[in-house]
Amino acid sequence: MRVSVIGCGHLGIPHAAAMAELGHEVIGVDVDQAKVDRLNAGECPIYETGLPELIARHTASGRLRFTTDIHAAATFAELHFIGVGTPIDADGRSYDTRQVYGAIRQLAPHLDRPCTIVGKSTVTVGTTSQVTTLAQRLAPAGKTVDIVWNPEFLREGHAVEDTLRPDRIIAGLTTAEGEKAIRAVYAPILDTGVPIFITDPQTAELAKGAANSFLGLKISFINGVADMCETAGGDVSKLVEILGIDPRIGSGGMHPGIGYGGGCLPKDVRAFTASARQLGADQAATLLRAAEEINECRTDVALRLTTRALGDRPVKGARITVWGAAFKPGTNDVRESPALALAQALQQAGAHVTVHDPQAVHTAMQRNPELDYTNDLVQSVDRAHAVVLGTEWPEYRQADPEALRGRVADPLMIDCRTTLDAARWRTAGWTMHQIGRSEK
């Protein structure tokens, strides 16, 4: 098929590249000319595992191209994906959907033949109905323009994999034509046995927020239990194993640490909580808000752990290395990054902070220029009084504690993601502190 992807950010770029990988002819549209030029040159402005290779391969083949001309996309494509951003609104609770409506207002007047618009952006329930009315009013093709809402369930760092090999596809629609189009564009994926759920638009709109909110509840639950373990003298990692073996629970997503971040999970939990309130589900909203509050406190928990671990040395004046700036491994996205929030909190407490990250130093510098950064893992620990692990990149698990011990002022490791082999580091002469484990 000939498809367009409107909006080239953390959602749109991987989706456009994946559609080209599936064999479609793809045109991506963005308002940023510099970004478009980079993409057309085969360069990827964001980091996602496997994405630079797809961009380079398919721009070179001609199957994938980018433009700022939305009329060109309307003329070219028979199906249009909307992948613009829906950040949290000024009220701090709901989605700002202005970019979605803006994209429809720009695209629809150029639609003079039957086509399908597929919304990928995460939106408030009821948006599909309003977008349908707007698009069909503005488009010369009128009611032959179909709207389908097809929420994404991408894990940042795995966006390419999750687009090409998803665990499910959801399509909220109202017409047979819309269903035919969505089955056609995803045919190579559906042919592998991936299930598709054809629903009403309201169910599709709620699906993404519900999924992320449940994950937020799960993460916040185990972080709350981690605090209990630390006080009681328990081991949260063992507790996760015990709980995770229950097939009704499972250990996936139940990893204690300094909380969740990124461009999707925090805003989706906030917006889903607000939707619960608006729909009169007050008890559900109270439960969701409790999960938010636990997550919001995780930086303070990590800061207290670091303060205790330093012992007689005050945080003020201490040289502290923070490993990790991205909110999770596999991406250079630092939006609402717990690791970067902790680095900032340590710096505000008077510490001299150096941040290392395998991929996110540049994006972190743009967001927090007051911190010091380095791209060299070994040099990052030079003369440090403590190393704090804030993002669970594999590079940190693979680091050599014996080699690093000779470079630090004090061999003190504070693992805020409970991801390191504590015994290995202790054997190399390091003092280890981990969230959710008492200091025995």
Side-chain angles (χ1 to χ4, degrees), residues 10-11 14-15 18 48 81-83 85-88 93-95 97 100 118-128 148-173 182 186 189 194-223 243-244 247-255 259-279 281 283-292 294-295 327-328 330-331 333 335-336:
H10 285 274
L11 168 58
H15 193 74
E48 276 283 340
F81 286 105
I82 304 294
T86 51
I88 208 71
R93 307 303 308 171
S94 54
Y95 297 114
T97 55
V100 172
V118 181
K120 298 293 297 179
S121 307
T122 308
V123 295
T124 307
V125 65
T127 300
T128 305
V148 177
W149 220 263
N150 168 225
E152 50 84 15
F153 294 89
L154 307 184
R155 300 165 296 162
E156 287 200 56
H158 302 269
V160 171
E161 175 71 17
D162 289 348
T163 304
L164 293 174
R165 284 168 282 278
D167 49 19
R168 77 281 205 195
I169 292 172
I170 298 174
L173 47 82
I182 207 76
Y186 287 126
I189 295 174
V194 171
I196 184 170
F197 295 86
I198 303 297
T199 76
D200 54 81
Q202 297 93 322
T203 301
E205 290 164 336
L206 286 167
K208 173 68 180 298
N212 271 354
S213 294
F214 185 80
L215 181 57
L217 285 166
K218 199 171 185 181
I219 294 170
S220 293
F221 170 80
I222 202 60
N223 278 331
L243 296 176
R248 298 167 301 171
I249 298 174
S251 60
M254 195 162 54
H255 192 76
Y260 55 79
C264 292
L265 197 55
K267 73 167 183 175
D268 287 348
V269 178
R270 290 177 196 137
F272 201 68
T273 304
S275 291
R277 292 268 187 228
Q278 292 163 4
L279 295 169
Q283 290 178 320
T286 299
L287 176 63
L288 290 161
R289 180 60 192 141
E292 287 186 80
I294 290 174
N295 195 63
F327 84 93
K328 63 180 291 186
T331 178
D333 192 350
R335 290 175 292 176
E336 300 207 38

Phe197 six-ring face occupied by Arg168 cation (under 6.0 Å, within 45°):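 Here Arg168 fails the 6.0 Å and 45° test against Phe197.
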
Nearest atoms (heavy-atom pairs only) where [X] meets [Y]:
X      : Y      : answer
Ala171 : Val148 : CB-CG1, 3.9 Å
Lys218 : Gly252 : NZ-O, 2.7 Å
Asp333 : Gly263 : OD2-N, 4.1 Å
Ala271 : Ser94  : CB-CA, 4.3 Å
Asn295 : Gly259 : OD1-CA, 3.1 Å
Pro266 : Gly261 : CD-O, 3.4 Å

Between [X] (side chain) and [Y] (backbone), is there a donor-acceptor pair under 3.5 Å?
X      : Y      : value
Trp149 : Ser121 : yes
Glu205 : Val123 : no
Ser220 : Ala291 : yes
Lys328 : Gly262 : no

List the residues meeting ring pair (Phe, Tyr, Trp, His ring centres under 6.0 Å) with Phe327, not counting sequence neighbours, and say none if there are none.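 Partners of Phe327 by the ring pair (Phe, Tyr, Trp, His ring centres under 6.0 Å) criterion come out as none, since no residue qualifies.
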
Among residues at least two apart in sequence or on other chains, which ones pass salt bridge (Lys or Arg N to Asp or Glu O under 4.0 Å) with [X]?
X      : value
Arg289 : Glu292, Glu293, Glu296
Glu336 : Arg270
Glu48  : none

Contact check, side chains of Asn212 and Cys264, non-hydrogen atoms, under 4.5 Å: yes

The criterion is side-chain hydrogen bond (donor to acceptor under 3.5 Å, both in side chains); which residues satisfy it with [X], sequence neighbours excluded?
X      : result
Thr86  : Lys267
Arg155 : Asp162
Thr97  : none
Thr127 : none

Contacts of [X] that satisfy side chain to side chain contact (heavy atoms under 4.5 Å, CB included) - sequence neighbours left out:
X      : answer
Leu243 : Phe221, Ile222, Leu239, Met254
Ala274 : Arg93, Gln278
Ile169 : Asn150, Pro166, Tyr186, Ile189, Leu190, Val194, Ile196

Spatial distance of atom [atom1] ([X]) from atom [atom2] ([Y]) [nearest 0.5 Å]:
X      : Y      : atom1 : atom2 : answer
Ile170 : Thr199 : CD1   : OG1   : 7.0 Å
His15  : Leu154 : NE2   : CG    : 9.0 Å
Phe153 : Asp167 : CZ    : CG    : 8.0 Å
Leu11  : Glu156 : CG    : CD    : 10.0 Å
Leu279 : Arg277 : CG    : CZ    : 12.0 Å
Leu173 : Ile198 : CG    : CD1   : 5.0 Å

So if I apply the side-chain contact (heavy atoms from CB on, under 4.5 Å) rule between Ser213 and each of Val269, Thr273, Leu287, Leu265, which one comes out positive?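 Of the listed residues Val269, Thr273, Leu287, Leu265, the side-chain contact (heavy atoms from CB on, under 4.5 Å) partner of Ser213 is Val269.
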
Enumerate the residue pairs fulfilling salt bridge (Lys or Arg N to Asp or Glu O under 4.0 Å) with a member in residues 206-215, sequence neighbours excluded, ordered by first and then second residue.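 Residue pairs passing salt bridge (Lys or Arg N to Asp or Glu O under 4.0 Å), neighbours aside: Glu152-Lys208, Lys208-Asp268.
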
